[in-house]
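Okay, structure first, notes after.
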Amino acid sequence: MRATAYWTTTYKRTWRGSVSSSFLRPVLFLAAMGLGLGSLVDRNGSLDARLGGVDYLTFLAPGLLATTTLMVASQEAMWPVNGAVRWNRAYLAMTNTPLQPRDALFGHLVYMTFRAFTVAASFVVVMLLFGAVESPLVLLAIPAAVLCGMAMAAPMAGYSVALTSDSGFASINRFVITPMSLFAGAFFPVGQLPPWIRPIAYVTPMWHGVDLCRGLALGGIGLWRALGHVAVLGAFIAAGTAVAAVRYRRVLVP
Amino acid sequence: MADPLIEARALTKRFGDFVAVAGIDVTVRPGEAFGFLGPNGAGKSSTMRMIGCTSPRSGGELRILGLDPDTHGAQIRSRLGVVPQDDTLDNELTVFDNLLIYGRYFDLSRKVARQRAEELLDFAQLSDRAKARVQTLSGGMKRRLTIARALINEPQVLLLDEPTTGLDPQARHVLWDRLYRLKQQGVTLVLTTHYMDEAEQLCDRLVVMDKGRIAAEGTPLQLIAEHSSREVVELRFAPDRNEVMADKVADLAERIEVLPDRVLLYADDGDAVAETVSQRGLRPETVLVRRSTLEDVFLRLTGRTLVD
Ligand SMILES: Nc1ncnc2c1ncn2[C@@H]1O[C@H](COP(=O)(O)OP(=O)(O)O)[C@@H](O)[C@H]1O
Ligand SMILES: [Mg+2]
């Protein structure tokens, strides 16, 4: 992917910072919330069946894996995408070469996938160090988290490419990303929500990603349930990419 | 004559109901330096983007290098060099990396891209800045880098959209010198500008563009000969007096234009006119006799000045 070359070159300038933060973030989160908060949650000694019969740290870790990967991937699909039209105009430089708008899109999506992968993989390494893992299937949680991230990043790229001001990102973070990461099952089971609100959680890519990653990290997820999640996340990616391709064309070759 | 590199017939661009390019005919032949001269909003960039195959035409015919942009866009772009009106350099990356990455977009091997990047830096007089971040370059250097970058695929045609707008006079002259060199090497240049001196310096042939239409076409000398007198006398009277005074000198010239800050008298013998003005005791604050320029052609054709 010729267009990916641009993003990997820019990454070379910042990778040190980004690698250390992709290890530091899970360490901090798991220590504070898994161990600190977990010591309160687990206090009565008996492990709660609603948390899958494991301690809070082990319950939380795969949820945070999916959330973190989704956040990093979708951030990459916000400002960098918009900036490639409005600031450094990297996409516009590409369209003056044999590359098409869809090449600019695919090239960037490949890079986002790579970023999601580095974040997910380092997160799983930290989970192993914390002993917050019940099954070797956790290794499959890495691609699962990447799927979850891209399920959000692909449509997000289509949204960002046409934005003409930054305020759109604030709303997306406020009304989509943040509520999704809080209520889609990462920190507590969706079953704890009032029944009328649960369906909203079930249609987010976040819930499918969290449930899939958790099922793999704890083991014992049914094959069909897992495949169902993969299918839904795959559908988000396919539909998101298709919409984004149309919007990239409209913006880049008016 | 060689086949045209660019051929447009009734070329049109619409954005919704708005017509940005209203049916223009243009032919550019190999080795020419061809210009679009016109004020802001004339439709120059819209035209250049259609020629550069980054904006589909709304109507008319267009052939670039004998191919149709609608069906062979990528193939055409691989043989064009584009210097867009707004820089698309990456400020965070080094000068050299900007060239390398652009070369990769054309599928050049790393080795070839490196080699050409070095040659082009030399051409752009930027070799000593190869490792500098683009952010640290002056406007003129950035423009030269953009031109160098556009040459990385050894294009048959170089498209330049307002190559020197916003640059100081010295930087403009350096740039003109580089473009002149390319022209000497036989590179076909297509450029837009709203500077008449740039058009006169660089263009073998040009069209005067206004409101999406072509008002006239020819070599700079032809256009001046056809649409203006040989010389122009510029008279500057006290503010508000220009209108009144214009009536008293109107009989001296073939044509007269009254601008807010001066009166222009078009005549073949400017000195004689200036002489008569002084004999009539009119005492303008300044008198300037000069040759006609493309600015005068534009004024004649559109009733407006190029740069406002
Ligand atoms: N993408 C666009 N959408 C809508 N209007 C546009 C677009 N691009 C240019 N225009 C309009 O078309 C007209 C011609 O613009 P342009 O081709 O940029 O002129 P020039 O380059 O000669 O200054 C202007 O009025 C401009 O506002
Ligand atoms: Mg323009």
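In what follows, every chain begins at residue 1, and chains take the letters A, B, ... in the order their sequences are listed. The figures that follow rest on heavy atoms only: side chains count, while hydrogens, waters and symmetry mates do not. These numbers were taken from a predicted model, which means no experiment stands behind them.
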inquiry  = Listing request: all ring pair (Phe, Tyr, Trp, His ring centres under 6.0 Å) pairs with a residue in residues 119-166 of chain B, at least two apart in sequence or in separate chains.
reply    =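 Counting only pairs at least two positions apart or across chains, no ring pair (Phe, Tyr, Trp, His ring centres under 6.0 Å) contact touches residues 119-166 of chain B.
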
Give the minimum heavy-atom separation between [X] and [Y], together with the two atoms involved.
X	Y	result
B:E7	B:R9	OE2-NH2, 3.2 Å
A:F130	A:V27	CZ-O, 3.8 Å
B:R133	B:E92	CD-O, 2.7 Å
B:V95	B:L121	CG1-CD2, 3.5 Å
A:A186	A:L60	O-CD1, 3.6 Å

Heavy atom to heavy atom, less than 4.5 Å: which residues from [range] reach chain B?
range	value
residues 232-247 of chain A	none
residues 138-164 of chain A	none
residues 91-118 of chain A	A:L92, A:A93, A:M94, A:T95, A:N96, A:T97, A:P98, A:L99, A:Q100

task = Answer yes or no on whether B:R172 is positioned over the face of B:Y195, meaning its NZ or CZ is under 6.0 Å from the six-membered ring centre and within 45° of the axis.
result =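 Cation-pi check for B:R172 and B:Y195: passes.
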
query = With B:T146, which of B:N98, B:T88, B:D87 fulfils side chain to side chain donor-acceptor pair (under 3.5 Å)?
reply =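 Option passing the side chain to side chain donor-acceptor pair (under 3.5 Å) with B:T146: B:D87.
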
ask   = B:N91, B:L80, B:D86: which one forms the most heavy-atom pairs within less than 4.5 Å of chain A?
value =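 Highest number of heavy-atom pairs under 4.5 Å: B:D86.
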
request  = Determine, step by step, whether B:S46 and B:R14 satisfy the side chain to side chain donor-acceptor pair (under 3.5 Å) criterion, reporting the C-alpha distance in whole Å, the side-chain angles of both residues, the deciding distance to 0.1 Å, and the verdict.
outcome  = CA-CA 9 Å; B:S46 304; B:R14 280 184 292 270; over 6 Å; no

key: Nearest-0.5 Å distance, CZ of residue B:R116 to CG of residue B:L99   =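 CG of B:L99 is found 12.0 Å from CZ of B:R116.
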
key: Chi angles and distances behind the side chain to side chain donor-acceptor pair (under 3.5 Å) call for A:T178, A:N173   = CA-CA 6 Å; A:T178 307; A:N173 275 323; 5.5 Å; no

request  = Go through the atoms of B:L100 and report whether side chain, backbone, both or neither lie under 4.5 Å from a heavy atom of chain A.
outcome  =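 Contact with chain A involves no heavy atom of B:L100 at all.
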
Contact class of B:R149 relative to chain A, heavy atoms under 4.5 angstrom =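 When you check distances to chain A, only side chain atoms of B:R149 fall under 4.5 Å.
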
message = Using the side-chain contact (heavy atoms from CB on, under 4.5 Å) definition, which of the options A:V19, A:T69, A:L70 pairs with A:V119?
response =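 Checked A:V19, A:T69, A:L70 against A:V119; only one passes side-chain contact (heavy atoms from CB on, under 4.5 Å): A:T69.
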
message = If we check side-chain contact (heavy atoms from CB on, under 4.5 Å) with B:I76, which of these qualifies: B:T71, B:L67, B:D68?
response =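 Filter result, single survivor: B:L67.
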
query = Would you find a donor on one side and an acceptor on the other, under 3.5 Å apart, between the side chain of B:T192 and the backbone of B:D161?
reply =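 It does not hold such a pair.
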
